[in-house]
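For reference, the structure is listed below as structure tokens.
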Number of protein chains: 2
Amino acid sequence: MTARKPPVNSYHHGSLAPALIAAAEQELSQAGIESFSLRAVAKRAGVSHGAPAHHFDGKNGLLTALAAEGYRRLIDAQNERQKKAQPDPLSQLIASGSGYLDFAMQNQELFRLMLASSLPDRDNEHFSAVSMAAFDKLAVEIRNVLGTDPYTDRVAMTQVMASWSMVHGLAELIISGRTKMPMDFTQMPAAQRDAIFEDILLRALKTN
Amino acid sequence: MTARKPPVNSYHHGSLAPALIAAAEQELSQAGIESFSLRAVAKRAGVSHGAPAHHFDGKNGLLTALAAEGYRRLIDAQNERQKKAQPDPLSQLIASGSGYLDFAMQNQELFRLMLASSLPDRDNEHFSAVSMAAFDKLAVEIRNVLGTDPYTDRVAMTQVMASWSMVHGLAELIISGRTKMPMDFTQMPAAQRDAIFEDILLRALKTN
DNA sequence: CCTTATTTCTAGACACTGTCAAGTTCCAGA
DNA sequence: TCTGGAACTTGACAGTGTCTAGAAATAAGG
């Protein structure tokens, strides 16, 4: 239960696991998912090529842990936006979506790993817990807007799916560079971008 | 300019390129993008492991050609839906979206290759031509609904982005199995599914 | 303090991958 | 018939993830 001792020699690192996660994130953002290499991560962390497998049970295990960490930071990014927004339910929902887009644009490869890749093990305990927490967050926000609980009301759950689809689709199109030609959001003043995002995200709501 | 002769011997296949594309699609749908293997494609087509590289200039080349073929069939799937729909612009737009979802659900790995992977070379001539054709199709449908051209009118282009985001996000969430818990579209009567899809897709439209 | 167990990490081997260069087989035009 | 070039094979290469055996360090028990 006590904290790990600091590294005292060159053989035993002391706390390799978090160091490997950090190295993996650097490697992921620079090399991309498709050419992500376990051995490159090991080299980056200064350990032998077999070390990561011992801590994370293989490549998929490391990517699963990294993706779980990503979900925590996705929720952080959403909370960050919501703190600056008006407290009414609708503003909070829009802010949540804006945070989703912030995270996607600032962590493109990590976002793709979390949501568009089949490499992470979705049955993993930590991963499914934190990804369900992200989903729950949206469900609560929708409930606050509509006044009905998505988990019991089918109309509200359809609203959840619509909102999620909209924000997720927009994120995917942006980070894959597919919006560059029609309207390049990444080269746009933040205020203008936010306004368009809000316009688009609001459409997912069926309030009548 | 004459058609290729049929294969007359075992050395020269005669028309290996399309055979490799077909083999690649089988391999893709069964193994998935992440573990797609050029050599497995070669084995499937009954040729040596170096043959595919000669025709498609490497793995990326083959996947690029396959993704381009996928776009053609995506457009086919959309047209198929539209033929059965009412001729008014709004019904045609919805049908186009439904065809998009049909294709995604029936060709999950191919869809992911086309739209969520960075493996295909998006600067490739054929690929960019056919993917822009798919985009143009949506732009025309939006123009028919709104009466203004997205390429000159910013509001209309925002409408294009919203519609695309919505249908694309929904497709991604479905094929990655992320809608299974809240509402499992794949285990649903087609009519009910279509109705929900229409409900969701219509939200992207801002008609007031 | 010494011995023993256990965890952490290394090192080597294995099968597999994509790519490249060189060689073989076949076709087509002169 | 000859010759150039296209189609395809073959072998080699560096790189990958995973597995196993072993070395190095810490922790536990006497």
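These numbers come from the heavy atoms of this one structure, side chains and all, not from hydrogens, waters or symmetry mates.
Contacts of Ala51(B) with the nucleic acid, taken as non-hydrogen atoms under 4.0 Å apart, include base atoms. Using a 4.0 Å heavy-atom cutoff across all strands shown, Gly50(B) reaches at least one base atom of the nucleic acid.
Within the structure, every side-chain polar atom (N or O) of His55(B) is placed at least 4.0 Å from both OP1 and OP2 of dA6(D).
The local environment of CG in Asn79(B) is crowded, with over 12 non-hydrogen atoms from other residues, nucleotides or ligands closer than 6.0 Å.
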Under 3.5 Å, which N/O atoms of the protein pair with N/O atoms of nucleotides 12-16 of chain D?
from    : atom 1 : to       : atom 2 : distance (Å)
dT16(D) : OP1    : Ser37(A) : OG     : 3.1

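Between the CD atom of Glu34(B) and the P atom of dG17(D) there is a distance of 14 Å, given to the nearest Å. Distance, Leu16(B) CG to dC8(D) P: 4 Å, rounded to whole Å. Note: CG (Asn60(A)) to C1' (dC19(D)) measures 16 Å, nearest angstrom. In this structure, CG of Asp57(A) is placed 12 Å from C1' of dG17(D), rounded to the nearest angstrom. Rounded to an integer number of Å, the gap from CG of Asp121(A) to P of dG17(D) is 18 Å. What separates CD of Glu27(B) from C1' of dC16(C) is a distance of 13 Å, to the nearest Å. Nucleotide dC9(C) holds its P atom 11 Å from the CZ atom of Phe56(A), rounded to whole Å.
Atom OG of Ser165(A) sits about 12.0 Å away from atom CG of Leu170(A), to the nearest 0.5 Å. Between atom OG of residue Ser35(B) and atom CG of residue Leu28(B) there is a gap of 9.5 Å, rounded to the nearest 0.5 Å.
Classified by interplanar angle (parallel below 30°, tilted 30° to 60°, perpendicular above 60°), the ring pair Tyr100(B)/His168(B) is perpendicular.
One finds no salt bridge joining Asp76(B) and Arg72(B) here, because no Lys/Arg side-chain nitrogen approaches an Asp/Glu carboxylate oxygen to under 4.0 Å. Taking the charged nitrogens against the carboxylate oxygens, Arg112(A) and Glu34(A) do have a contact shorter than 4.0 Å, which makes a salt bridge.
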